[in-house]
Visitor: 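Here it is, the structure in full.
Here is the naming used below: chain letters follow the sequence lines, and residue numbers restart at 1 for every chain.
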Number of protein chains: 2
Amino acid sequence: MGTSSTPSRSTRPREKSRSRDNAEKQELRASILRAASEEFLGHGYEGFSLRRVAERVGYTPTTIYLYFRDKDELLFETARDGFVAFDATIQAAATQSDPRERLRALGRAYFEFGVNNAAHYRLMFMQRADFLLPRLVGTAASEELHAAALLDPDSAHRVIAQDLLVGAVRDGIEAGLFRAGEPIAKADALWAGIHGLTALALSPLMSPEHARSVADELLDTLIRGLEP
Amino acid sequence: MGTSSTPSRSTRPREKSRSRDNAEKQELRASILRAASEEFLGHGYEGFSLRRVAERVGYTPTTIYLYFRDKDELLFETARDGFVAFDATIQAAATQSDPRERLRALGRAYFEFGVNNAAHYRLMFMQRADFLLPRLVGTAASEELHAAALLDPDSAHRVIAQDLLVGAVRDGIEAGLFRAGEPIAKADALWAGIHGLTALALSPLMSPEHARSVADELLDTLIRGLEP
DNA sequence: TGCATTTAATTAACACCGTTAATTAAAATA
DNA sequence: TATTTTAATTAACGGTGTTAATTAAATGCA
């Protein structure tokens, strides 16, 4: 094991010969992921058990490790569903041309996604925010990180969402609808507001129904606060 | 053993004879709490281990159960420090007479408390919000619950904080500084905003330094949004 | 074909965790 | 002093994630 050269002449990792078995592997991997998703949706982040996922799919716990590095990677892959659903929801909401209405639609869509996908929202933005690219906002090399993040499919999500917010704010400023200023800081303020309300709506501190009416008040107040 | 009556239960609360031993018990209880606090501050909510608390204080794990019902109660009692510190911080910030400045000071104090007491803030408002009276805001019998909550020392905290917010909003409306409307909804919008920013500042999604500058932007925008 | 090797899944084990029941040792009471 | 109450213990259960060793099946090669 001291040498790193390839001993046998013919290359071991054959590029062919993985039509049948590899397909089966992918299949089992997918069914583990399916079981993990049910487990996560049913028991949440804190109650998510690797051993129960294994039992659910009919294998022993150690088998999971042949398909995922550890529990964290299994959970991360499970969270992918939430990422893409979030993306789709936000992207679909950014249709309005009026920046104010666009912001309102984005805010509402964000809030509704959180309330309607509680487990995923909690995981993505509250319990395991490290699943998204860490420390992007407000760092020194923010621009480069931002560009790199867009290339990384795992972190593209909230970059996209953030870009939509920043874009709407910038459009509003350019159209003279909003006061001048740093668009990123303003967009982050909007993000913080709607995230905070969503988080409260998912906590015992505020009922989702009450939070929904507060959402209107919050978006109204924030958008009015942006105006000249 | 067939009878369910309690002929000679040992739980006879003698009103006397609690001079020496009871003081010692209280002392050990306090030192367990001290160890639990260190443990919580060092390892956070997810890493908080009852067995390590016991080891730290020099007793076996089961001894803890003679002083606390279970891990959850131990943690709850540990969290009390956070409650009272939060109370003091918020209360001290509500001195300004101008409602706008009072709101700004309250918001800043709230944010700074979160950043400077990360573990406690996370526990109180994010991970174990159920430690505060559940479902107070937005419920049907809100008024009665509100009154009852003020009598309950455990839930008085955020009721006080909420009352300060609602009071400032109401004062602003009465002084003609803010638009008319439902003060509670407006106060909840403010709370959501500053809570959201605090939560992001405690997550890898936003650095505390960046969040601090966003805090100014957020409070500016929200307070302006309340104005006529 | 038959033998060797790779691969897939297993069992066994470790170090934790919270919690309950049974048991010992010490203190308080009669 | 004898008895009872109290404080702390040990032993044990069921659960967790994870690593190492082992079996059984599929594949590669002569």
Visitor: Tell me every residue that passes ring-ring contact (aromatic ring centres under 6.0 Å, His included) with A:Phe111, counting only those two or more places apart in sequence or in another chain.
Guide: none
Visitor: Send over the distance from A:Phe68 CZ to D:dT18 C1', rounded to a whole Å.
Guide: 16 Å
Visitor: Using whole Å, what does the distance between atom C1' of nucleotide D:dT18 and atom CG of A:Asp70 come to?
Guide: 9 Å
Visitor: Can you list every pair that meets salt bridge (Lys or Arg N to Asp or Glu O under 4.0 Å) and has a residue in residues 27-37 of chain B, with sequence neighbours left out?
Guide: B:Arg29-B:Glu77
Visitor: Using the salt bridge (charged side-chain N to carboxylate O under 4.0 Å, His left out) criterion, which residues pair with A:Glu112? Sequence neighbours excluded.
Guide: A:Arg212
Visitor: Write down the distance between CG (A:Leu75) and P (D:dG17), rounded to a whole number of angstrom.
Guide: 11 Å
Visitor: Looking at residues at least two apart in the chain, or sitting in another chain, which of them share a salt bridge (charged side-chain N to carboxylate O under 4.0 Å, His left out) with A:Asp72?
Guide: A:Arg128
Visitor: For A:Glu73 and D:dG17, give me the distance from atom CD to atom P, rounded to whole Å.
Guide: 15 Å
Visitor: Counting any heavy atom closer than 4.0 Å, what does A:Leu28 reach on the DNA or RNA strands: base, sugar-phosphate only, or nothing?
Guide: sugar-phosphate
Visitor: Got a sec, which residues hit side chain to side chain contact (heavy atoms under 4.5 Å, CB included) with A:Glu217, two or more places apart in sequence or on another chain?
Guide: A:Thr221, B:Ala185, B:Lys186, B:Ala189
Visitor: Do the two ring centres, one from B:Phe125 and one from B:Phe86, sit under 6.0 Å apart?
Guide: yes
Visitor: Please name all residues satisfying salt bridge (charged side-chain N to carboxylate O under 4.0 Å, His left out) with B:Glu73, sequence neighbours left out, ordered by chain then number.
Guide: B:Arg69
Visitor: Please state whether the base of C:dG18 and the side chain of B:Arg51 form at least one donor-acceptor pair under 3.5 Å?
Guide: yes
Visitor: From the set C:dC17, D:dA8, D:dT16, return the single nucleotide nearest to any side-chain atom of B:Arg52.
Guide: C:dC17
Visitor: Considering residues at least two apart in sequence or located in another chain, which fulfil the side chain to side chain contact (heavy atoms under 4.5 Å, CB included) criterion with A:Arg52?
Guide: A:Glu39, A:His43, A:Ser49, A:Glu55
Visitor: Excluding sequence neighbours, so at least two apart, what forms side chain to side chain contact (heavy atoms under 4.5 Å, CB included) with B:Asp216?
Guide: B:Arg108
Visitor: Please report the distance, rounded to the nearest Å, between NZ in A:Lys71 and P in C:dC16.
Guide: 17 Å
Visitor: Among residues 54-67 of chain A, which residues get a heavy atom nearer than 4.0 Å to DNA chain C?
Guide: A:Tyr59, A:Thr60, A:Thr62, A:Thr63, A:Leu66, A:Tyr67
Visitor: Compute the bend angle of the helix from C:dG2-D:dC29 to C:dA30-D:dT1 from the end axes (five pairs per end), rounded to 10°.
Guide: 30°
Visitor: If the condition is side chain to side chain contact (heavy atoms under 4.5 Å, CB included), which residues does B:Thr60 pass it with, not counting sequence neighbours?
Guide: B:Thr62, B:Thr63
Visitor: Counting only heavy atoms and a strict 4.0 angstrom limit, can you tell me which residues of residues 30-49 of chain A come near DNA chain D?
Guide: A:Phe48, A:Ser49
Visitor: Once you measure the plane-to-plane angle for B:Tyr110 and B:Tyr121, does it fall in the parallel (<30°), tilted (30-60°) or perpendicular (>60°) bin?
Guide: perpendicular
